[in-house]
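As structure tokens, the structure follows; a few thoughts come after it.
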Amino acid sequence: QEYKPVMSQPLDSPFAELHSLLSIITLPGGVSWNEVINTAPCWRHCYWSLFFAGIAALLQLVVYLVSGLFVRRLIGYNKYPPLPSRSRVSLSSYYLKLGQHVRYKRHIKIDCHDINRLSRTICDSKVSSPQIASWFVNCNEFHAKNRYKRVKFREYLYPITVRTLLLVFGCKSVGGQAWVYDRSRFY
């Protein structure tokens, strides 16, 4: 017997547009959305679970990109570590030269640098080796805090995005129902 797709949702359903959009999609094995919502579950319907897993992965990618673009504005952290607060203003140019030399925009590999040589050559021995080592540690702690904030932001943004979509679809699905507005039908 040949399968004839029938739209299970009436045209006045809140999700008629969504069902018509999903009906356009053709997955491997010829399983249509109408077949999935109108027939008993079978193994061929698993293609749709893979499809929705792909949608979730796409949503995760969007969250990753949005967090990369807007996280500094939303959370309010700086890209560059601050200069030491206890240092004199005259030493700030040496710290900037030192920072550019070791690329302080990212995590600094302290073991890869000879701190005594950096003190002599770049800072003209006006910034001591312990001060440089302390500043490198502060820079690394600064970058670690920023990385932690970015990760936490992504961890919070994905569930918020998914729950917002679920809330919108949930409100849309019960918005026109009579039991929502009449207490006697609710019980």
Side-chain angles (χ1 to χ4, degrees), residues 3 5-83 96 99-113 135-177 180:
Y3 171 75
V6 178
M7 194 70 165
S8 71
Q9 297 286 330
L11 293 177
D12 61 344
S13 167
F15 297 112
E17 304 91 21
L18 183 63
H19 284 290
S20 63
L21 177 69
L22 290 173
S23 297
I24 295 171
I25 299 170
T26 305
L27 294 177
V31 181
S32 70
W33 178 248
N34 288 332
E35 179 183 344
V36 170
I37 62 175
N38 288 319
T39 60
C42 68
W43 285 106
R44 294 185 328 142
H45 295 172
C46 289
Y47 287 116
W48 281 95
S49 63
L50 295 175
F51 172 75
F52 288 120
I55 294 293
L58 183 66
L59 185 62
Q60 183 73 30
L61 179 66
V62 167
V63 164
Y64 182 81
L65 293 175
V66 165
S67 68
L69 295 173
F70 300 112
V71 72
R72 275 192 301 158
R73 290 186 198 133
L74 294 173
I75 294 178
Y77 70 83
N78 294 325
K79 187 174 185 178
Y80 304 109
L83 296 176
L96 289 175
Q100 290 171 352
H101 180 74
V102 296
R103 295 186 182 103
Y104 74 120
K105 296 178 187 176
R106 295 201 169 112
H107 183 79
I108 301 170
K109 296 180 181 176
I110 299 172
D111 298 338
C112 296
H113 299 286
W135 187 60
F136 283 175
V137 169
N138 288 339
C139 288
N140 287 343
E141 288 174 357
F142 174 84
H143 290 302
K145 281 182 190 176
N146 284 349
R147 190 171 30 256
Y148 176 75
K149 288 178 182 179
R150 280 193 308 270
V151 168
K152 288 309 258 182
F153 181 78
R154 287 180 189 136
E155 287 176 358
Y156 290 135
L157 186 61
Y158 182 74
I160 288 171
T161 306
V162 170
R163 289 176 183 157
T164 301
L165 290 173
L166 291 174
L167 179 66
V168 167
F169 282 126
C171 290
K172 188 173 180 178
S173 67
V174 298
Q177 303 294 327
V180 174

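Nothing fancy with the numbering, it's 1 onward along the sequence.
- With rounding to the nearest 0.5 angstrom, the CD1 atom of Ile55 is 11.0 Å from the CG atom of Leu165.
- Under the side chain to side chain donor-acceptor pair (under 3.5 Å) criterion, Asn146 pairs with no residue, sequence neighbours left out.
- Here Tyr47 pairs with nothing under the ring-ring contact (aromatic ring centres under 6.0 Å, His included) rule; sequence neighbours left out.
- For Val162, the side chain to side chain contact (heavy atoms under 4.5 Å, CB included) criterion is met by Leu59, Tyr158, Leu166, not counting sequence neighbours.
- At most 12 non-hydrogen atoms from other residues, nucleotides or ligands lie less than 6.0 angstrom from OH of Tyr148.
- Expressed to the nearest 0.5 Å, how far OH of Tyr156 lies from OG1 of Thr161 amounts to 14.5 Å.
- For the side-chain hydrogen bond (donor to acceptor under 3.5 Å, both in side chains) condition, the pairs that include at least one residue of residues 67-76, sequence neighbours left out, are Ser67-Arg154.
- For Glu155, the side chain to side chain contact (heavy atoms under 4.5 Å, CB included) test picks out Val151, Lys152, with sequence neighbours left out.
- In this pair, Trp48 and Phe51 present their aromatic rings perpendicular. The plane angle is above 60°, beyond the 30 to 60° band.
- Not counting sequence neighbours, the partners of Arg163 by the side chain to side chain contact (heavy atoms under 4.5 Å, CB included) test are Pro159.
- Residues that satisfy the side chain to side chain contact (heavy atoms under 4.5 Å, CB included) test with Val137, not counting sequence neighbours, are Ile110, Glu141.
- In terms of heavy atoms, Thr164 sits closest to Ile160 at OG1-O, 2.6 Å.
- Asn140 and Ile108 make their closest contact through OD1-N, 2.7 Å (heavy atoms, listed as atom of the first residue, atom of the second, distance).
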